[in-house]
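In this text the structure is predicted, and so the values were computed from the model without any measurement. Here is the naming used below: chain letters follow the sequence lines, and residue numbers restart at 1 for every chain.
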Amino acid sequence: MSESSVNFVAGLIESELVSKPNKIVQTRFPPEPNGYLHIGHAKSICLNFGLAKSFDGHCNLRFDDTNPTKEDTEYVDSIMDDVRWLGWQWHGEVRFASDYFEQMYNWAVELITKGKAYVDDLTGEEISEYRGNLTQAGKESPYRDRSVDENLDLFARMRAGEFKNGEKVLRAKIDMASPNMNLRDPLMYRILHEKHHRTGSTWCIYPMYDWAHGLEDAIEGVTHSICTLEFENHRPLYDWFLDTLESVPCHPQQIEFARLNLGYTVMSKRKLLQLVTEHHVDNWNDPRLPTISGLRRRGYPATAIRDFCERIGVTKYNSTTEIALLEHCVRENLNKSALRVMGVLDPVKLVVTNYPDGLTEELEAINNPENPDDGTRLIPFSKELWIERDDFREEASRKYHRLKPGQEVRLRYGYIVTCTGCLKDDDGIITEVHCTYDPETKGGHTPDGRRIKGTIHWVSAAHALDAEIRLYDSLFTDEDPADESDGRSFLDKINPESKTIIMGKIEPSLASAQAETAYQFERLAYFCADSEDSTSEKLVFNRTATLRDSWAKTQKK
RNA sequence: UACCCCAUGGUGUAAUGGUAACACUACAGAUUUUGAUUCUGUCAUUCCAGGUUCGAGUCCUGGUGGGGUAACCA
């Protein structure tokens, strides 16, 4: 890595490499398979995989599956999918903490033998009482001074299944008076007669996070064990286990960074799970969710997400990033890559009164002005078109550059037309807008060089396809939905208009749109076909992000 | 009220004792067959008080403010 100060972790590694130039950087991304990955995980993924890449090292994907009550292979599969989709390749095979259970057990025996761990018979409630609290020291368990032999015997019988859930635990013997609660004889194993998604019923004792994690890292030769801030207080324990054990292969360095917070969304697994299970959203991949699969279904490109993760930086400061930055990354990417098409979301008929009945012309349109290689396509033009209801006004100020009686407007790639009026129904609702066209302006050109201020999009009524359009807005109305200090739950802050479904008219070239292809409906927004629901019989499009709209902004003033 | 961590424009980050900078946002203008894009410009920053130093955003001390920690979760 050449540039310094990419982030503080990279800086740390860089300075280590000065004295140990041959050190191979080994990182890991260690999710628990108990939920779907979200954009906060993407930050961690990009950090760990990115560090390995820039220092020519390796990054493992390891499932920290030490709690069979919460984990499932469904999550394992989705996580692998998401990491790959984000564009990363893990080193070697996927790893599982559960593959290391036997080794961990042996190390626990080593600790017991050293007199550094003991089997405790206290109940959960008693253990909690004995632990003391933030300002008061804990007290030692009456079982703390059992003999090594007795502990060895009891621990073997725990493994053999002789005891019920909660009857006994294995604890490290450290310091019940430590000001760091994590050091007050932390639990290493609990009894759980529970089927594990990989080991089945082989085990009925399962290691706790603090005991297991450093061992997993050591087994994999991890050099830098990067985790989030809330594990800062766990580092002394992480180090204690690794220092106390003599037979561990190495001692990785734990480094903490601040997790990502994003405005107007929630990032906690618990809350995301609740949104899904209580059906406040449709599923884990609901396009309104900050899950990787949700963003993907919404149409956010993986490169945009990676770009975002790079831009937000890595620090120990607990911050909240504005959603505007993510949207900026998405728009910047999509502006370069999305194919331009025309679609009308709120259609009203435009009749070109002096255009021949029954005639259809094929007009050439540019697929992506940002990328000439994408070429052009032909779009049908005829006497009756659909245009956006908002693109006509009976009366409007000089600043309104669209259709109003007497004003000229360009139909994109079509003709220059002059608005002549409109038809209304009994309720005063406009049913048709009328105009005449200038045959000299085919393609939207003005041979006489006259300037046309407004250009609007359209689709030929006879050729248009119907499509369901799903418009998404932020899922929450509050910037920090998780802040429930005002007495309202995050569920009370769900935006009732986060999803709006309408029927639109779109150009025929979209008939075979694939979910992976990004489109810009010109003047409106970026869209993609929905990966689950869109078929050739029934097209469904998701709005990925709107185009910026300075007109709407000035309107509001 | 114990321990740990953190503090730079509105937001996110950079500056590794030597001219406080970049991006996003907002605003203004130019260009434009997307009121998009692009381009230009404007506003705005070191939590406070001491100390060390020729020189402090950076080091030290004390304060203030924020976050974390008392699961047989990770």
NA contact type, [X], heavy-atom cut-off 4.0 Å: base, sugar-phosphate, or nothing?
{"X": "A/R270", "result": "nothing"}
{"X": "A/H234", "result": "base"}
{"X": "A/R235", "result": "nothing"}
{"X": "A/Y400", "result": "base"}
{"X": "A/Y189", "result": "nothing"}
{"X": "A/R402", "result": "base"}
{"X": "A/Y317", "result": "sugar-phosphate"}
{"X": "A/T446", "result": "nothing"}

**OP:** For A/F63, check ring pair (Phe, Tyr, Trp, His ring centres under 6.0 Å) against everything at least two apart and list the hits.
**Re:**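 With neighbours one apart ignored, the set is A/F96.
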Short side-chain N/O contact to [N] OP1/OP2 from [X], under 4.0 Å:
{"X": "A/K553", "N": "B/A26", "result": "yes"}
{"X": "A/R523", "N": "B/U33", "result": "no"}
{"X": "A/H328", "N": "B/C24", "result": "yes"}

Subject >> Pairs meeting criterion side-chain hydrogen bond (donor to acceptor under 3.5 Å, both in side chains) with involvement of residues 157-166 of chain A, two or more places apart >> reply: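 Pairs touching residues 157-166 of chain A that pass the test: A/E102-A/R159, A/D153-A/R157, A/R157-A/E162.
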Tell whether [X] reaches the base of [N] with its side chain through a donor-acceptor pair below 3.5 angstrom.
{"X": "A/E232", "N": "B/U69", "value": "no"}
{"X": "A/E230", "N": "B/G67", "value": "no"}
{"X": "A/R311", "N": "B/U13", "value": "no"}

**OP:** Could you run through RNA chain B and flag its stems, i.e. three or more consecutive Watson-Crick or G-U pairs with both distances under 3.5 Å?
**Re:**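 Stem segments, range with range: B:2-7 with B:64-69, B:10-13 with B:21-24, B:26-30 with B:38-42, B:47-51 with B:59-63.
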**OP:** Go through the structure and list residues passing side-chain hydrogen bond (donor to acceptor under 3.5 Å, both in side chains) with A/E220, not counting sequence neighbours.
**Re:**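 A/N60, A/R62, A/Y100.
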**OP:** Check whether the side chains of A/E361 and A/Y415 place a donor and an acceptor atom closer than 3.5 Å, and report yes or no.
**Re:**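 Per modelled atom types, A/E361 and A/Y415 side chains form a pair under 3.5 Å.
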Subject >> Residue pairs passing the ring pair (Phe, Tyr, Trp, His ring centres under 6.0 Å) test where at least one lies in residues 439-460 of chain A, sequence neighbours excluded >> reply: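 Listed by first then second residue: A/F381-A/W458.
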**OP:** Output the residues of residues 62-74 of chain A in contact with RNA chain B, where contact means a heavy atom of the residue under 4.0 Å from an atom of the strand; sort by number or write none.
**Re:**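 Heavy-atom contacts with RNA chain B come from A/D64, A/T66, A/N67, A/K70.
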